Amino acid sequence: MWPGTAFRILCPHRDWRKERMAGYNPSSIEKKWQRIWQENRIFSAEMQPAKPKYYVLDMFPYPSGEGLHVGHPEGYTATDIVTRYKRAAGFNVMHPMGWDAFGLPAEQYAIKTDTHPAVITRKNIERFRAQLQAIGFSYDWHREVNTTDPQYYRWTQWIFLQLYDTWYDPRQQKGRPIAQLAAEFATGRRALPPSAGNKSWSQLDAHQQRRVLEEYRLAYEIEAPVNWCQALGTVLANEEVIDGKSEVGGFPVERRPMRQWMLRITAYAQRLLDGLEALDWSESLKMMQRNWIGRSGGALVRFAIADSASEVTVFTTRPDTLFGASYLVLAPEHPLVDLNTEMNIISAAWPTEIPERWRSGAGSPREAAAAYQKNAASRSERQRQEDNTKTGTFTGAYAVNPVNNQRIPIFISDYVLMGYGTGAIMAVPAHDQRDFDFANAMELPIRRVVSAAADQADAGKLPLESPGFAVNSAQLDGLSTAEAKNRICEHLEQESLGTRQIHYKIRDWLFSRQRYWGEPFPLIHLQEGTTVPLAESELPLTLPEVKDFKPTGTMEPPLFKATAWHQVHVVLDGPPENLQARVVSAGTPGAVPARRELNTMPQWAGSCWYYLRYMDPANTRQFCDPEKEKYWMAGGVDLYVGGVEHAVLHLLYSRFWHKVLFDRGLVSSDEPFRKLVNQGLILGEAEYTVFALESGQRVSVTDIDPEFSTRVGENGKAEIISRHKSTGALAVGQACDPAMVEKRGDVFVLKADNNIQVDARSFKMSKSRGNVVNPDDVIAEYGADSLRLFEMFMGPLEQVKPWSTAGVEGVYRFLQRVWRNLLGGDDGVFRVVQPHGDGKWTCQGRELSAAEVEIALRDAAAILRPMHRLIRKVTADIERLAFNTAISAMMEFNNALAKLTFVPLDAALNLLRVLEPFAPHIADELYHELSGPDAAVSIALLPWPGFDESLCVDEELDIPVQINGKLAGRIRIAVTSDEQQVFNIALADPQVVNRLAQRAIKKKIYIKGRMINLVV
RNA sequence: GCCCGGGUGGCGGAAUGGCAGACGCUCAGGACUUAAAAUCCUGUGACCGUUUUCGGUCGUGCGGGUUCGACUCCCGCCCCGGGCACCA
């Protein structure tokens, strides 16, 4: 095929790459510098109150068994560049790293291989750390944290106890100690909840008081339907369930009731929403959080049930359409239609004169409801959502529309969800697509109450969901939607028929898991049925060393099997609202038997606060020294970089915890992460895929179904498969050599047959596709500096971009050229020269001849301005995280150096100085080669170079002259020229004169130093 | 359906109202070499004319607008990526 390939195969022992790179050999220098940095603690940062701080944070990884992939170093390199730059620029920079090591994958692997998850975790962490260190990141490893270390999770448990001890006061809009709530109840300043009956605080016994307080704690226990995953043997948070399947593993998930710990994140919904405003985050990320919190403004409206004492409350965002509400719909799980309770409203018999369709073929409403509910329960959430056709059944009952006293039928339908609002809606078919569809299916009347035009009663096609003007709505007629909403809400509130209501979509956070590998809850269950927190002195509550950590197969968590661990005796002390348990031996006076909580915390717990522990990782008395917190967290983390997959989970949870800690006076800032950037996904190398039928006949990609799937082919490699559009025949895609492909118009086709269009795209890296790039391999072949450089050179940090091995070669060649420019290449000619003030220049100690000095002076003058421009460009680009253009600038500068005969020492050192954050090993090596014995231990210790703005512009410049906006010529002007002089030069230019062709100039435009435009 | 982001050479990308395509890859030609690799130099958006110097036209998804001047700003549309989605 290619001669080179053949030759390489014939001579397997000759490493051509090593031979050709003569001087630059990354593998021989990178380990050395990593060791020197480490030994000299170049990158450790201690608090220095007088010095400005800068806190750079990476989302710490989950140390999986797979090791790093090239996606990890992308964000880490970006933060490392900022870290090294900011440190050089005079900031006290903290840049820590740690491990988010609890969680399902390690445990699943542990079960499969019968190895303890702690062993697996330790091994994975060792591997990850070694991989990260091989890339030369400037982490302060003395601050390393590990969420599975008892000395770490002791404080996770401690923070959980703070949440348990906190209630949210809506009046002050902040979290407060639970004792203050008890005090307010005791003094009567705050009314007791309905669950207290009509008793006063002092009339309740201690047990009852505790029950009341539990309704307010931010951590609470509840029997609730949860997402149970049989395959994983655990429940999952809503966020961990995607399309009815577990996010980890893709196993089916079903709803089951279970006793669970919850965190009351809903109390902070408004604070979490408002806090977004001031954050320097991307708009799309803020939007994702806003959507997740899902605030909507509307009203609760009460509908009386006809011929009954009951009523039903609905939530609506369109109270202005109340006159058009022609029926109500309840979710199948709504308590008012629960046939097992007395209070259900379903009639025993069908009313007369109802459409046949409403009966759904059943003998009675109860029969119909029972059948419908059974069917709804058997369908998964996913099935219910996929099927948009409207079904339902009539309850036989009627409600009364409070504004016009109209009797309206009440239906049950699964298009209303019990989990949102009140689980009941007023249906306005004229102005809601779903209600419209249902009304059509059930032959219900549709009454317009909004018109798109103020002067027309029936403008706009139904269903009209957009705002307009009220019609057929009595006193609201003519009002705009916004005004009508206000007016009707006033009316409802006056008449006690309803209230304005802000509703949030966000649910409370399901905080327990039935797994072994997580933080144990610091909680004790007493035999009488109440729960008591452990005293702080009992922490950390460590996981029992068990042999059998597998799921029990039932809904009991694995810790159930650690009998000796969970069967304990405790003594209690403290006031009722602050009762605490200490574990004692069975014979201790006052000891009562009790059981530990068997659930563990979810993986998100440890990552909710790790950024705080970094500031004081070894503190045994506090989760973090307040002085250190105040210093490092002033204004929040200065730069936080991580994947967008954490947009709503980790980032919302940790903001929530942070706000609670802030309310309790434990941290000084209200928001943890001031500036946040998501790095874009790195895809596999671009591929061309050509499809062929089983007969071998090639088919154009336009002729097959665009929904591809993959399978493992006979050769064990992943193949893309699809179906032929017209015949349905199997079409198999195979990678084809780029040389076989050419571009025709907007598409790629085979050179051999232009009728066959091929698929051109990059795929997400995956094992099955076999396109995963391992950073270790890249380092082995090109070195860590090239890996770092290419990760940044590919394109903007936040963008999705495909990997390219040829691109790595490109940056590798750049580093080789830098090496050769500064130390000489194959020719061995050393070109760096140094002036000595007395007109003498030396090159490696040798004094230059007069003729050479002349050349050196000319070279120094030629490179001076580009050097200042380089420093300015790299500085500005790092500040705006535009690393790809900073690297381009360095390449340009290096190309300019290559054209010189002699390289002035300061130009060389300044290049190395700005290169250091990007490619620190080669920078340090070359710096030491050029600097001699007086050199600093590391180039990283040198200050960031400054630049002179006046030396960033050339004395003369070429500017274009346009005529009517079209290029007509270019002229050379002095940078000092004024407008008149510039026009004189332009109008004297023969090319311009020629193009003007004696036309009269109507207008002359000069943009200083940029261009001229002559309008004729 | 709704909400964000994006669309520029063969490819990754640069330019945020002022010379479109910096820088890198790819490819082609040349130098060095017995030869190849590496390295260095030159060229590389499309089309047209001269076919050498050089000159011209078009060109940033499509259509319109604002402006002396638009990849950039405004209006409408198409396509791609991401998020949300029976959320009342």
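Both backbone and side-chain heavy atoms feed into the values below; hydrogens, waters and symmetry mates do not. All values derive from a computational prediction rather than experimental measurement. Note on naming: letters A, B, ... go to the chains in the order of the sequence lines (proteins, then strands), and numbering restarts at 1 for each one.
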Value in whole Å for how far the P atom of B:G12 lies from CD of A:Glu798: 19 Å

What contact category does A:Leu967 fall into here, base, sugar-phosphate, or nothing, at under 4.0 angstrom with non-hydrogen atoms? nothing

Which whole number of Å gives the distance between the C1' atom of B:G45 and that of B:U53? 23 Å

Does A:Gly421 or A:Gly810 map to a spot on RNA chain B nearer the 5' end, using the closest nucleotide for each? A:Gly810

Taking the side chain as every heavy atom from C-beta outward, state whether A:Leu789 and A:Ile887 have any atom pair closer than 4.5 Å. yes

d(NZ, A:Lys873; P, B:A14) in whole Å: 10 Å

A:Tyr415 and A:Asp435 side chains, donor-acceptor separation under 3.5 Å: yes

Checking contacts here: which listed nucleotide (B:C19, B:C68, B:G24) is nearest the side-chain heavy atoms of A:Phe793? B:G24

Counterpart base for B:A46, defined by Watson-Crick or G-U wobble contacts under 3.5 Å: B:U57

Report the glycosidic orientation of B:G9: syn if within 90° of 0, anti in every other case. syn

No-hydrogen, no-angle side-chain donor-acceptor test under 3.5 Å, A:Tyr812 and A:Glu781: no

Under a plain distance cut-off of 3.5 Å, with no hydrogens placed, do A:Asp414 and A:Tyr372 share a side-chain donor-acceptor pair? yes

Would you say the ring centroid of A:Tyr327 lies under 6.0 angstrom from that of A:Phe438? yes

With sugar-phosphate meaning primed atoms plus P, OP1 and OP2, does A:Asp437 contact a base, only sugar-phosphate, or nothing at under 4.0 Å between heavy atoms? nothing

Nearest-Å distance for atom pair CD1/P, residues A:Ile971 and B:C19: 15 Å

Roughly how far apart, to the nearest Å, are B:G9 and B:C84 at atom C1'? 37 Å

Would you mind pulling out the nucleotide paired to B:U51, Watson-Crick or G-U wobble, both distances under 3.5 Å? none

B:C86 base to A:Lys390 side chain: any donor-acceptor pair below 3.5 Å? yes

Phosphate OP1/OP2 of B:C87: any A:Arg295 side-chain N/O under 4.0 Å: no

Quick one: look up who B:C2 pairs with, Watson-Crick or G-U, both distances under 3.5 Å, and put none if it's unpaired. B:G83

How are the rings of A:Tyr24 and A:Trp819 set to each other: parallel, tilted or perpendicular (split at 30° and 60°)? tilted

Complementary nucleotide for B:A70 - Watson-Crick or wobble, under 3.5 Å: none

Figure out the OH/P separation between A:Tyr812 and B:C23, and round it to whole Å. 23 Å

In whole Å, measure the gap between the P atoms of B:U8 and B:A15 for me. 15 Å

Aromatic contact between A:Phe436 and A:His431, with the criterion being ring centroids under 6.0 Å apart: yes or no? no

Name the nucleic acid region contacted by A:Met1011, choosing base, sugar-phosphate or nothing; use a 4.0 angstrom heavy-atom cut-off, strictly under. base

With the threshold set at 4.0 Å, does a side-chain nitrogen-carboxylate oxygen contact exist between A:Arg869 and A:Asp954? yes

For B:A31 versus B:G69, give the span between their P atoms, rounded off to a whole number of Å. 50 Å

Which nucleotide in the list B:A22, B:A88, B:A14 gets nearest to the side chain of A:Ser888? B:A22

With a 4.0 Å limit, can you tell me whether A:Arg817 has a side-chain N or O closer than that to the phosphate oxygens OP1/OP2 of B:C40? yes

Heavy atoms only, 4.0 Å cut-off, all strands: where does A:Arg1010 land among base, sugar-phosphate and nothing? sugar-phosphate

Using a strict 4.0 Å threshold on nitrogen-to-oxygen distance, state whether A:Asp958 and A:Arg970 make a salt bridge. no

Less than 3.5 Å apart, any donor N or O on the side chain of A:Glu685 or A:Thr805 sitting next to an acceptor on the other? yes

If I take atom CG in residue A:Asp759 and atom C1' in nucleotide B:C80, what distance separates them, rounded to the nearest angstrom? 13 Å

Spell out yes or no: do the side chain of A:Asn291 and the base of B:C84 have one donor N/O and one acceptor N/O closer than 3.5 Å? no

A:Ala806 near the nucleic acid: base, sugar-phosphate alone, or nothing, with a heavy-atom cut-off under 4.0 Å? sugar-phosphate

Residue A:Asn884, side-chain atoms from C-beta onward, closest of B:G18, B:G13, B:G12: B:G13

Starting the side chain at C-beta, find the nucleotide from B:C84, B:U39, B:G18 nearest to A:Ile1005. B:G18

Looking only at atom P, what distance separates B:A14 and B:G7, rounded to whole Å? 9 Å

Taking the P atom of each, how far is B:A22 from B:G12, in whole Å? 15 Å

Side chain of A:Lys966 only, heavy atoms from C-beta on: which candidate in B:C40, B:C58, B:A88 is closest? B:C58

Within the 4.0 Å heavy-atom criterion, would you say A:Asp435 contacts the bases, only the backbone, or no part of the nucleic acid? nothing

Determine: side-chain N/O of A:Lys1003 to OP1/OP2 of B:C68, distance under 4.0 Å, yes or no. yes

Base, sugar-phosphate, or nothing: which does A:Gln799 touch, judged by heavy atoms less than 4.0 Å apart? sugar-phosphate

With sugar-phosphate meaning primed atoms plus P, OP1 and OP2, does A:Arg869 contact a base, only sugar-phosphate, or nothing at under 4.0 Å between heavy atoms? nothing

A:Asp432 CG to B:C86 C1', straight-line distance once rounded to whole Å: 9 Å

Using a heavy-atom cut-off of 4.0 Å across all strands, would you classify A:Ser804 as base, sugar-phosphate, or nothing? nothing

Rounded interatomic separation in angstrom, taking CG from A:Leu417 and C1' from B:A88: 9 Å

Just checking A:Ser284: base, sugar-phosphate only, or nothing, at a heavy-atom cut-off of under 4.0 Å? sugar-phosphate

Please measure how far the C1' atom in B:U44 lies from the corresponding atom in B:G30, and state the result in whole Å. 15 Å

Base, sugar-phosphate or nothing for A:Asn1013? Non-hydrogen atoms, less than 4.0 Å. base

Of A:Arg970 and A:Gly423, the one whose closest RNA chain B nucleotide lies more 5': A:Arg970

Of the options B:A88, B:U39, B:G24, whose atoms approach the side-chain atoms of A:Arg434 most closely? B:A88

Which of the following nucleotides, B:A88, B:C84, B:A14, is nearest to the side chain of A:Thr885? B:A14

Partner of B:G12 by Watson-Crick or G-U wobble geometry, both contacts under 3.5 Å, or none? B:C23

What nucleic acid atoms does A:Glu892 come within less than 4.0 Å of, heavy atoms only: base, sugar-phosphate, or nothing? sugar-phosphate

Between B:C19 and B:C73, how far apart are the P atoms? Round to whole Å, please. 16 Å

Starting the side chain at C-beta, find the nucleotide from B:C86, B:G13, B:A88 nearest to A:Tyr415. B:C86

Take the protein atom CD1 of A:Ile412 and the nucleotide atom P of B:A88, then report the distance between them rounded to whole Å. 22 Å

Below the 4.0 Å mark, does B:C25 have OP1 or OP2 next to a side-chain nitrogen or oxygen of A:Arg813? yes

